[in-house]
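Each chain gets a letter, A, B and so on, in the order its sequence line appears, and its residues count up from 1. As a basis for the values below, the full set of heavy atoms in this structure was taken, side chains included, without hydrogen atoms, waters or symmetry mates.
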Amino acid sequence: AQKVTQAQTEISVVEKEDVTLDCVYETRDTTYYLFWYKQPPSGELVFLIRRNSFDEQNEISGRYSWNFQKSTSSFNFTITASQVVDSAVYFCAPRSRDDKIIFGKGTRLHILP
Amino acid sequence: EPEVTQTPSHQVTQMGQEVILRCVPISNHLYFYWYRQILGQKVEFLVSFYNNEISEKSEIFDDQFSVERPDGSNFTLKIRSTKLEDSAMYFCATEAGQANTEAFFGQGTRLTVV
């Protein structure tokens, strides 16, 4: 069985602050893939980042960075120097090999000017 | 940049009516999905489709739902007799077929059943 948990329902930060969104993915599979999607107020789902379970190297891409720790099943996503346009719902969306993507419940992020 | 296109963007229908939601996938993609998001809730898997047949379906995808790709391009979701609780945003997603690649989502169709 697979389970994805986004414990943070809603977060509010002031613009320019850094914010980290948490995700825990529990699975018995040793190979899996992790995605983050953003859903702005307009409603579409926008792909942000992708990670393989066998690669724990943390990466930075612009204002986005992610921290994957297989030992704790956590795949956290950080936005540095947040902007008002970052306000959206963020979904952690893992998949096991040859399976469909499943979505966490999402974290609603408010960036306050 | 290639994109997944869904039509219509918004549909209002009376309870009991049939609706067809349409999706044009990215041209070289082989796997197709429908997901549903009831307002304010999480995105839920409905069905996956590959090689002209259903690969997997969730418990939500009961007999009133069907999918097909009749002309090799459009991928459709049909709801035979809509219920109030079918009101949701329906997302089509397509992917090339490798597990480590992301699925590309359409902009969604908002279905309102009255």
Worksheet item: For the candidates B/Met89, B/Gln107, B/Gln41, B/Gln37, which exhibits the highest count of non-hydrogen atom pairs separated by less than 4.5 Å from chain A?
Response: B/Gln37
Worksheet, complete the sentence: Okay, A/Gln39 and chain B: the region with an atom under 4.5 Å from a heavy atom over there is side chain
Item to complete: Before giving the answer on ring pair (Phe, Tyr, Trp, His ring centres under 6.0 Å), spell out for A/Phe75 and A/Tyr25 the whole-Å C-alpha distance, their side-chain angles and the decisive distance to 0.1 Å.
Response: CA-CA 8 Å; A/Phe75 181 46; A/Tyr25 177 50; 9.6 Å; no
Fill in: Contacting region of A/Tyr37 [heavy-atom separation from chain B under 4.5 Å]
side chain
Worksheet item: OH/B/Tyr31 to CZ/B/Phe75 distance, rounded to the nearest 0.5 angstrom?
Response: 13.5 Å
Item to complete: Mark yes or no for whether A/Gln2, through its side chain, and A/Asp29, through its backbone, hold a donor-acceptor pair below 3.5 Å.
Response: no
Worksheet item: chain A heavy atoms under 4.5 Å from B/Glu44: which part of the residue, side chain, backbone, both or neither?
Response: neither
Item to complete: Kindly indicate, with the supporting measurements, whether the criterion ring pair (Phe, Tyr, Trp, His ring centres under 6.0 Å) is fulfilled by B/Phe105 and A/Phe103.
Response: CA-CA 13 Å; B/Phe105 284 80; A/Phe103 284 79; 5.7 Å; yes
